[in-house]
2 protein chains.
Amino acid sequence: MDAEPEYQGPVVTVDSVLFQLIQNELYVLLTQRAYEPFLGEWALPGGYNHRGETTHEALAGVLGRKAGIEYRALPLTMQLYTFDNVARDPRGHTISVTYMSLAHKAVPAGSDTTQNPQFFPVSKLPKLAYDHKDIILYALQRLRSRISHTNAIFALMPEKFTLTQLQTAYEAVLGHKLDKRNFRKRWLALDVLAPTDELAKDGAHRPAALYRFKQRKLQTLDPTFA
Amino acid sequence: MDAEPEYQGPVVTVDSVLFQLIQNELYVLLTQRAYEPFLGEWALPGGYNHRGETTHEALAGVLGRKAGIEYRALPLTMQLYTFDNVARDPRGHTISVTYMSLAHKAVPAGSDTTQNPQFFPVSKLPKLAYDHKDIILYALQRLRSRISHTNAIFALMPEKFTLTQLQTAYEAVLGHKLDKRNFRKRWLALDVLAPTDELAKDGAHRPAALYRFKQRKLQTLDPTFA
DNA sequence: ACAAAAGTGTTAAGAATACACCCATGT
DNA sequence: ACATGGGTGTATTCTTAACACTTTTGT
């Protein structure tokens, strides 16, 4: 980091992998490219990081402008990886700093943007621009790992939820079923859930107790969930 | 990522956290700054990432020029995190992509560089420029986590080593003692070590069997080591 | 009455931990 | 012969995994 007046660096971009559960399935937010390259193809929301703004600010701008989503309302965002695209990007040397966000209900405002933001199930992704498919799969891996030893799942859940909803969220992310009794035993032993005195009455069956997370922020939980 | 001809982005730098074991203690490579800001203070080896070179190439250049270390000889390098320094860096907006490397014996060639590269024990760090102390502590955390479920430790070991040396390496990184019998039982069950038919004779005691890693590349190991 | 999801404990298997003595060598 | 680190097994505890029936509600 010497003094070096005529510095010229790569173009810096940020890309966002925004996950959300819709009907017990994991969805990811994509936008349709309005410019070359990859005009018309689906891609992760992304954009330039200009001098003077943090990557988080750039991310907030991208999500707001391209998908109508308010970044500050997202309960959890974490950095994933920084990719070099020296050769791959048709526009020349860029590096992209990628973030993963989790949301409970982030509604993309397709109307006031040009990029047609939509959620796609992770299991049925369309053809994607760049290497964005790999990025999504990498993000999924990281997400699975995160929910296995932290409370990160809170960011995919509503304020109040039943234990069955929580279990279903895990199953959607992990891609396999879990044992009901073991799951409940574990979570109730963890001391991170608080019972509310409300019940969810949603059908012709016994009502379920509603719980909430004591802390809606990331914390590490020792045990691991399969 | 619209077309945007007058793009001006942040300065992109790379920083390297290079760990090495010296006499059963974990050391990190530092250089002494030859320019403002922080002239004369110790810092992680770092430098600009110019347009057209990958971050890995930039890293190789930095390690070569500032510390006389041949990047290609390092057995393991992984990306750590990308830090925003919009406000913090006195020279303006930079983002730094940080990497952690592990080496067995990387000899800094202090002579042909201006930056006085030296290894410092992680437990006794000097005052560091920027937030480099935090970066090192973060790297250490990641390293501990890595060696707990992968074979990453191979990158800190010589080609051939005794089980006691391997255990000592773990103890140096983790910062606590391990049980000898359990440690050996575990590693021999893992099927990642191959016995050589050589013995290490290094003192007035029974010679130790020398082992090597079957694969000297990163692989995941199911069990976790405390 | 029946359908549908909520709720609840025990047992068995496997993993992790604690622990102490004999062995081979150099001096 | 003694000092030094190398090498080895078992018993106990704890953790994880497997598993089925009763309860409460709406229709």
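Labels below follow one simple rule: chain letters A, B, ... track the order of the sequence lines, proteins then strands, and each chain is numbered from 1.
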Here's a test of your reading of the structure: between B:Lys185 and A:Asp179, which maps to the more 5' nucleotide of DNA chain D?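 Its nearest nucleotide being more 5', the pick is B:Lys185.
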Between B:Tyr27 and B:Phe120, does the ring centre distance come in under 6.0 Å?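 Here the rings of B:Phe120 and B:Tyr27 have centres that are no less than 6.0 Å from each other.
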So do [Y] and [X] actually touch side chain to side chain, heavy atoms under 4.5 Å?
{"X": "A:Leu166", "Y": "A:Met157", "result": "yes"}
{"X": "B:Leu18", "Y": "B:Leu74", "result": "yes"}
{"X": "B:Val173", "Y": "B:Arg144", "result": "yes"}

Residues B:Lys177, B:Glu171: salt bridge by 4.0 Å N-O rule: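 Salt bridge between B:Lys177 and B:Glu171, a charged N being under 4.0 Å from a carboxylate O: yes.
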Would you measure the distance from the P atom in D:dG5 across to the matching atom in C:dC19 and give it in whole Å?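 The same atom, P, in both gives a distance of 23 Å.
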Between A:Leu188 and A:Asp202, which is nearer to the 5' end of DNA chain C once each is assigned its nearest nucleotide?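 Of the two residues, A:Asp202 wins.
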Residue whose closest nucleotide on DNA chain C lies nearer the 5' end, A:Thr164 versus A:Asn182: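 Looking at the nearest nucleotide for each, A:Thr164 comes out on the 5' side.
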Can you pull the contact range of chain A along DNA chain C, 5' to 3', using atoms under 4.0 angstrom from its heavy atoms?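 Nucleotide range with atoms under 4.0 Å of chain A: C:dA3 to C:dT10.
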Are [X] and [Y] linked by a side-chain donor-acceptor pair shorter than 3.5 Å?
{"X": "B:Tyr99", "Y": "B:Thr55", "value": "yes"}
{"X": "B:Asp15", "Y": "B:Thr98", "value": "no"}
{"X": "A:Thr150", "Y": "A:Gln219", "value": "no"}

Contact list please: residues 203-214 of chain A against DNA chain D, heavy atoms, distance less than 4.0 Å, in numerical order.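 Residues of residues 203-214 of chain A under 4.0 Å from DNA chain D: A:Gly203, A:Ala204, A:His205, A:Arg206, A:Pro207.
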Nucleotide interval of DNA chain D bounded by contacts with chain A (heavy-atom cut-off, under 4.0 Å):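 In short, chain A contacts DNA chain D from D:dA17 to D:dG26.
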What orientation do [X] and [Y] show, parallel under 30°, tilted 30 to 60°, or perpendicular over 60°?
{"X": "B:Tyr138", "Y": "B:Tyr81", "value": "perpendicular"}
{"X": "A:Trp187", "Y": "A:Phe225", "value": "parallel"}
{"X": "B:Phe183", "Y": "B:Tyr170", "value": "perpendicular"}

Using heavy atoms and a sub-4.0 Å distance, could you list which residues of residues 189-199 of chain B are near DNA chain C? By number, please.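 Hits under 4.0 Å, by residue number: none.
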Please identify each residue that fulfils side-chain contact (heavy atoms from CB on, under 4.5 Å) with B:Arg206, with sequence neighbours left out.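 If we apply the side-chain contact (heavy atoms from CB on, under 4.5 Å) test to B:Arg206, skipping adjacent residues, there are no hits.
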Residues in salt bridge (Lys or Arg N to Asp or Glu O under 4.0 Å) with B:Lys185, at least two apart?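 With neighbours one apart ignored, the set is empty.
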